[in-house]
There are 2 protein chains.
Amino acid sequence: MIEDKNSLSGLPTVRRLPMYLHLLKELNSQGREFVSSTHIGEKLGLDSVQVRKDLASTGIVGKPKIGFYVPALIGAIESYLGWDNSKDAFLIGVGSLGSALLGYAGFEKRGLNIIAAFDNDPDKVGKIIRGVEVLSLDKLPDLAERMNIHLGILTVPGEYAQVTADVMVLAGIRGIWNFTQTYLQVPESVFVQDEDLAAGLAVLSVRLARALNQE
Amino acid sequence: MIEDKNSLSGLPTVRRLPMYLHLLKELNSQGREFVSSTHIGEKLGLDSVQVRKDLASTGIVGKPKIGFYVPALIGAIESYLGWDNSKDAFLIGVGSLGSALLGYAGFEKRGLNIIAAFDNDPDKVGKIIRGVEVLSLDKLPDLAERMNIHLGILTVPGEYAQVTADVMVLAGIRGIWNFTQTYLQVPESVFVQDEDLAAGLAVLSVRLARALNQE
DNA sequence: TAGATTGTTAATCGATTAACAATC
DNA sequence: TAGATTGTTAATCGATTAACAATC
């Protein structure tokens, strides 16, 4: 079965699942056992039908009149997202954004372990930033193979994005979380997940302009 | 005319505009005068029809057989996004992500100026981080009014997100760029732009699992 | 039982893609 | 002129929302 690598089907749902998870963990820590889709929807500004459809995609089944058992729901979402399994990753480019991501506590609790960082700057190589050692980019191919790493977080300056991605692909990286502005050309076997701050800023800019002009 | 604040119409286009802009500036610096939608599409992995439709939303008009005049296109996109006008903003929460954003050079060239940062931690108040002074959160309401600030970047820990947002709204902030995981309850007159790293990580996780399992 | 809630099927909505006329 | 390219109108596709039967 061939899957279009640009297929976005189901992705809006996948993007909402972390919101549910966040709320459910809060409810769980408050000792709440059951929750209805109506309640979740109210808390997150979503329609209850959409909540039920999203949750159904994880395979969970609720009980009429009662709702969903919170611990089971948490487990189902984490399992669906694979956040109950550990995934090792490299981070490439230890600038300000890269450094911030190295210290982001949210990765670990979602199964993502950054086990090494890489940079070309001799001033940075050898340092330990937020508990992660910074290595020379030369060492990436060898290490990726030996440690069986398939995932890379790309935070280099835009002008080096493509050449760095080429190195990563050759080293066997199969997924690139791309924080640069550059559109990466990669083989079909590799997927790129773009995380573009500028896209959010664009929406923000347009909406702010509308809000300030219209009222 | 009442506008639904949750309206997403046109937003996919708005989110793609920064990509075009990035490419066009590169072409411009290479001295290229004209570019076709086909060429843009090839460089960015998009269909040429979609490129034309996206560009048309900015009001630009191309020339059959020739394409679009690059400098005019750059100007049209920047104007449509309002990136040619300066917008002042506050940043609230000077943790690792907040600090990284303070140093993000991409904001300035898109018309976003962070003119002050706020935090409740006495160790941080009074410091200057990446050229921006960190002030006590107490001072936000007074300063927002005096300086006529309507935009806030929220990077506090999740558990303080709602109370901090409440303070911001009372202070007259009209737009909140929300980097926390918390869904914010705000009045209709305020818009929230969520920027959720976990959403991207969720998509990445699901796609990586598929890629590694299926082949 | 009655009513709240789930889960499914159908309708709507918006965005993308296809087809094609207009134009330099 | 011929052909490449734009811009528009129609068709398709996927996601959201509405309607409603099933169930505890």
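To find a chain, count down the sequence lines: A is the first, B the second, and so on, and within it residues start at 1. Values reported hereafter were calculated over all heavy atoms of this structure, with side chains retained and with hydrogens, waters and symmetry mates removed.
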To the nearest 0.5 Å, what is the distance between CZ (A/Arg32) and CG (A/Leu23)?
9.0 Å
B/Glu78 with B/Lys25: basic N within carboxylate O range, under 4.0 Å
yes
Taking the side chain as every heavy atom from C-beta outward, state whether B/Ile149 and B/Met147 have any atom pair closer than 4.5 Å.
yes
Rounded distance in Å - [atom1] ([X]) to [atom2] ([N]):
X       : N      : atom1 : atom2 : result
A/Gln50 : D/dG14 : CD    : P     : 17 Å
A/Lys53 : C/dT12 : NZ    : P     : 15 Å
A/Asp47 : D/dA18 : CG    : P     : 6 Å
B/Leu11 : D/dT16 : CG    : P     : 14 Å

Counting only heavy atoms not in A/Gln185 (residues, nucleotides, ligands), do more than 12 fall under 6.0 Å from its CD?
yes
When you measure from the side-chain N and O atoms of A/Arg16 to the phosphate of D/dT16, is any distance below 4.0 Å, counting only OP1 and OP2?
yes
Where DNA chain D forms stems, i.e. three or more consecutive Watson-Crick or G-U pairs with both distances under 3.5 Å:
C:3-24 with D:3-24
Would you tabulate the nitrogen or oxygen pairs shorter than 3.5 Å linking the protein to nucleotides 1-7 of chain D?
from, atom 1, to, atom 2, distance (Å)
D/dT5, O4', B/Lys65, N, 3.3
D/dT6, OP1, B/Ser37, N, 3.0
D/dT6, OP2, B/Ser37, OG, 2.6
D/dT6, OP2, B/Arg52, NH1, 3.4
D/dG7, OP1, B/Gly62, N, 2.7
D/dG7, N7, B/Arg52, NE, 2.7
D/dG7, N7, B/Arg52, NH2, 3.4
D/dG7, O6, B/Arg52, NH2, 3.0

Measure from the ring center of A/Trp177 to the ring center of A/Phe90 and say whether it is less than 6.0 Å.
no
Could you walk me through whether B/Asn178 and B/Glu195 satisfy the side chain to side chain donor-acceptor pair (under 3.5 Å) test, starting with their C-alpha distance in whole Å, then the side-chain angles of each, then the deciding distance to 0.1 Å, before giving a yes or no?
CA-CA 6 Å; B/Asn178 177 29; B/Glu195 198 75 39; over 6 Å; no
Examine the side chains of A/Gln181 and A/Asp196 and answer whether a donor and an acceptor come within less than 3.5 Å of each other.
yes
I would like to know whether B/Asp166 and B/Gln162 meet side chain to side chain donor-acceptor pair (under 3.5 Å); could you show each step before the answer?
CA-CA 6 Å; B/Asp166 292 343; B/Gln162 184 62 58; 2.9 Å; yes
